[in-house]
Amino acid sequence: QVQVVESGGGLVQPGGSLRLSCTASGSIFNIYTMGWHRQCPGKQRELVAAITKDGTTTYADSIKGRFTISRDNAKKTVSLQMNSLEPEDTAVYYCNAAIILSGGGLRDSWGQGTQVTVSS
């Protein structure tokens, strides 16, 4: 019914940049909030950034000033521009979307995750 798919992960050197993208598809009427979480090795999943439909953003303190979240409501996509990457940013990054289904109801949907590795 609803699919959330991430892309853009990979290997990058410290100080480098990477851009993650996520697209939601299926029986979608609207999307409230879209965001990114990450799970670092041996750690619990944590919020990285989120953005509401009207553009209000939330960032984790650890990435403020380095990452930028944006969305395209028409295309049902959310992106995360990641600059000045550090080894501590290495994690599996998950896209999340609060979706209003075409048939009614709220669905909290998650992508499969994309690996980001920051290493020299």
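Remember, predicted model here, so these are calculated numbers, not experimental data.
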query: Which value, rounded to the nearest 0.5 Å, describes the distance between Glu86 atom CD and Ser62 atom OG?
result: 11.0 Å
field: Distance in Å, Ile28 CD1 paired with Leu101 CG, rounded so as to fall on 0.5 Å steps
entry: 8.0 Å
- prompt: With distance as the sole criterion, is a donor-acceptor pair present between the side chains of Gln44 and Gln39 under 3.5 Å?
  reply: no
query: Got His37 and Glu46 here, is their nearest side-chain heavy-atom distance under 4.5 Å?
result: no
- line: In this structure, CG of Leu47 is separated from CZ of Arg38 (nearest 0.5 Å) by 10.0 Å
- request: Heavy atoms only: give me the nearest Arg66-Ser84 pair and the separation to one decimal.
  value: NH1-O, 3.0 Å
Heavy-atom pair of closest approach, residues Cys95 and Val4: SG-CG1, 3.7 Å
message: So Glu6 and Ser21, do their side chains get closer than 4.5 Å, heavy atoms only?
response: no
field: Heavy-atom check, side chain of Thr117 versus side chain of Val12, under 4.5 Å
entry: no
field: Audit row: Ser70, Gln81, side-chain contact (heavy atoms from CB on, under 4.5 Å) steps and yes/no
entry: CA-CA 8 Å; Ser70 61; Gln81 180 64 47; over 6 Å; no
query: Would you call Leu80 and Thr68 a side-chain contact if the rule is heavy atoms closer than 4.5 Å?
result: no
message: Using 30° and 60° as the class boundaries, would you call the ring planes of Tyr94 and Trp110 parallel, tilted or perpendicular?
response: perpendicular
- request: Treat each ILVMFWY residue as a node, draw an edge where side-chain heavy atoms are under 4.5 Å apart, and state whether Tyr93 and Tyr59 are in one component.
  value: yes
- prompt: So, do Ile63 and Asp89 sit near enough that their side-chain heavy atoms are less than 4.5 Å apart?
  reply: yes
field: Leu11, Val92, Leu20, Thr90 screened by side-chain contact (heavy atoms from CB on, under 4.5 Å) with Val116, the one that passes
entry: Leu20
message: With heavy-atom distances below 4.5 Å as the criterion, would you say the side chains of Asn83 and Phe67 are in contact?
response: no
- prompt: What's the verdict on side chain to side chain donor-acceptor pair (under 3.5 Å) for Ser25 and Gln3, showing C-alpha distance, side-chain angles and the deciding distance?
  reply: CA-CA 5 Å; Ser25 62; Gln3 297 82 41; 3.3 Å; yes
message: Is there a path of hydrophobic side-chain contacts, each under 4.5 Å between heavy atoms, that joins Val2 and Phe29?
response: no
message: The test is side chain to side chain donor-acceptor pair (under 3.5 Å); show your working for Thr77 and Asp72 and say whether it passes.
response: CA-CA 5 Å; Thr77 62; Asp72 186 327; 5.0 Å; no
field: Worked check of side-chain contact (heavy atoms from CB on, under 4.5 Å) between Glu88 and Cys40
entry: CA-CA 8 Å; Glu88 292 75 18; Cys40 300; over 6 Å; no
- prompt: Would you say the side chain of Lys53 lies within less than 4.5 Å of the side chain of Thr33, judging by non-hydrogen atoms?
  reply: no
message: Checking side-chain contact (heavy atoms from CB on, under 4.5 Å) between Ile99 and each of Ile31, Asp108, Asn30, Leu106, which is the one that passes?
response: Ile31
field: Evaluation steps, side-chain contact (heavy atoms from CB on, under 4.5 Å), between Lys75 and Thr23
entry: CA-CA 8 Å; Lys75 296 183 180 297; Thr23 300; over 6 Å; no
message: I want to check something: taking the side chain as every heavy atom from C-beta on, are Asn96 and Met34 in contact at a cut-off of under 4.5 Å?
response: no
- request: State the CE-CD1 distance between Met82 and Ile69, to the nearest 0.5 angstrom.
  value: 11.5 Å
